[in-house]
Protein chains: 2
Amino acid sequence: MERVDITPAAPAEDEIFAALASPVRREVLRLLREQGPQSVQDLASGFAMARPSFSEHLRVLREAGLVSERRDGRRRLYRLEAVPLARVRDWLDPYERFWRGRLTGLRDLLDGMDDTDGTDDMDDIGDAAALGRTGDQETR
Amino acid sequence: MERVDITPAAPAEDEIFAALASPVRREVLRLLREQGPQSVQDLASGFAMARPSFSEHLRVLREAGLVSERRDGRRRLYRLEAVPLARVRDWLDPYERFWRGRLTGLRDLLDGMDDTDGTDDMDDIGDAAALGRTGDQETR
DNA sequence: ATAATACGTAGGAAATCTCCTACCTGTCAT
DNA sequence: ATGACAGGTAGGAGATTTCCTACGTATTAT
């Protein structure tokens, strides 16, 4: 299937999440958050990786809008940008409301551990009841 | 140093962010959030995609812990799981503090009044003026 | 002017992702 | 038992990602 290039002004959520899916790139963001704007060599010093590979990670972060670059002589200072992270938070928001509604304490964690007996706590979602209901995920 | 397969109970952040990087998978999560647990065919009905491809998306979501599956006759009901989303929120939290600290705007104005010569250093911030400059994290 | 430094692009190999068609398994209806 | 249905696995094509080495460009130092 073919993809149409629309190149939106605001980076797509796809790009943002994909950029965050790499431990190298998340570590770069952490460094920028904790230590402020830095040159490429300062950022790269902790990574066992060829420089061009690291540059590629910076490009991904840049295209997602997560960092910006400022030239300073022959160095380039990278800086953390807040907007895409705020977009992640905004995306997350309705889910947060969802889980606050159903995560009453440790109920969920306990469910996940051992549930071999017959008392299925999801039984109350009958096939008809579960479908076509908007709003309430689980009763009780 | 080999990797031991311990099949961790908590999915890695890598898997979570990667799972969220697809619009199809984010839409599945939205459907589960808004309409509650659903069968595969209900979920899939809105997507122009072969069923096995859709199954693959569900597998990615499952392995990231974002959904869980319950068998009901010949159907399988998928349900949204909160824990990985809460982990994303936790990851985001220190960044949120970061950007709240610098999106205040007033601070940037005060920073600009600090220098004594008459040169217009506003030129520096013209390129990325959306968020203002760092005050307390400047290198050098 | 020449060399060194900082950082990027070019292009390729290997792995991974995303879609497909074909086929298999388990459950329900007749 | 036979067939229809729900949903998965197998395996492959094509795109993308992630790493590499080699080279290019801009800036500073000698």
Side-chain angles (χ1 to χ4, degrees), chain A residues 1-5 7 11-28 31-32 37-64 66-79 125-128 130-131, chain B residues 3 11-28 31-32 37-64 66-79 127 139-140:
Chain A
M1 196 166 289
E2 233 170 74
R3 202 165 291 185
V4 182
D5 183 15
T7 317
E13 272 159 358
D14 288 29
E15 283 181 282
I16 298 169
F17 282 116
L20 297 177
S22 152
V24 171
R25 291 191 290 262
R26 286 198 309 278
E27 175 67 7
V28 169
L31 288 169
L32 290 175
Q38 295 169 65
S39 67
V40 175
Q41 60 180 346
D42 286 346
L43 285 171
S45 65
F47 297 92
M49 177 182 296
R51 186 58 51 88
S53 307
F54 191 75
S55 261
E56 177 70 8
H57 283 296
L58 291 178
R59 189 186 59 78
V60 173
L61 288 170
R62 228 186 303 120
E63 290 181 355
L66 284 157
V67 302
S68 63
E69 169 207 288
R70 175 171 73 102
R71 288 181 154 102
D72 172 46
R74 58 185 156 183
R75 298 183 313 164
R76 301 186 188 194
L77 297 184
Y78 278 80
R79 187 178 70 161
I125 313 171
D127 36 2
L131 304 172
Chain B
R3 193 171 294 186
E13 272 160 356
D14 287 30
E15 282 181 282
I16 299 170
F17 282 116
L20 296 178
S22 150
V24 171
R25 293 190 290 261
R26 287 199 308 279
E27 175 66 7
V28 169
L31 288 170
L32 291 175
Q38 296 169 63
S39 67
V40 175
Q41 59 179 349
D42 285 347
L43 285 171
S45 65
F47 298 91
M49 177 183 294
R51 186 59 50 88
S53 306
F54 191 75
S55 262
E56 177 72 7
H57 284 295
L58 291 178
R59 189 185 62 77
V60 173
L61 289 169
R62 228 186 303 121
E63 290 181 355
L66 285 158
V67 302
S68 63
E69 168 206 287
R70 174 172 77 102
R71 288 179 154 101
D72 172 48
R74 56 185 157 180
R75 298 180 314 163
R76 302 186 188 192
L77 296 184
Y78 277 80
R79 187 179 69 162
D127 51 353
T139 57
R140 199 105 18 232

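Every heavy atom of this structure was used, including side-chain atoms; hydrogens, water molecules and symmetry mates were not. Everything numeric in this text was worked out from a predicted model, so none of it was measured. Chain A is the first sequence line, chain B the second, and so forth, proteins listed ahead of strands; every chain is numbered from 1.
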In whole Å, what is the span from the [atom1] atom of [X] to the [atom2] atom of [N]?
X: B:Gln41; N: C:dC28; atom1: CD; atom2: P; value: 14 Å
X: A:Arg51; N: D:dC19; atom1: CZ; atom2: C1'; value: 15 Å
X: B:Phe54; N: C:dC20; atom1: CZ; atom2: C1'; value: 16 Å
X: B:Asp42; N: D:dC5; atom1: CG; atom2: C1'; value: 14 Å
X: B:Arg76; N: C:dG26; atom1: CZ; atom2: C1'; value: 8 Å
X: A:Leu43; N: C:dG8; atom1: CG; atom2: C1'; value: 15 Å
X: B:Leu61; N: C:dC17; atom1: CG; atom2: P; value: 14 Å
X: B:Leu77; N: D:dG8; atom1: CG; atom2: P; value: 11 Å

Does [N] have its OP1 or OP2 closer than 4.0 Å to a side-chain nitrogen or oxygen of [X]?
X: B:His57; N: C:dC17; answer: no
X: A:Ser53; N: D:dT18; answer: no
X: B:Tyr78; N: D:dA6; answer: no
X: A:Arg25; N: D:dT18; answer: yes
X: B:Arg71; N: C:dT27; answer: no

Could you tell me the separation between the [atom1] atom of [X] and the [atom2] atom of [Y], rounded to the nearest 0.5 Å?
X: A:Leu58; Y: A:Tyr78; atom1: CG; atom2: OH; result: 4.5 Å
X: B:Gln38; Y: B:Leu32; atom1: CD; atom2: CG; result: 5.5 Å
X: B:Leu61; Y: B:Leu20; atom1: CG; atom2: CG; result: 8.0 Å
X: A:Arg62; Y: A:Glu56; atom1: CZ; atom2: CD; result: 9.0 Å

Of A:Arg76, A:Arg75, A:Arg74, A:Arg70, which meets side-chain hydrogen bond (donor to acceptor under 3.5 Å, both in side chains) against A:Asp72?
-> A:Arg75
5' precedence on DNA chain D between B:Glu56 and A:Met49 (nearest-nucleotide basis) = B:Glu56
5′-ward residue of the pair A:Arg74/A:Arg59 relative to DNA chain D = A:Arg59
Given D:dA6, C:dC20, C:dT9, which nucleotide is nearest the side-chain atoms of B:Arg75?
-> D:dA6
Closest to the B:Ser55 side chain: D:dG7, D:dA22, C:dC20?
-> D:dG7
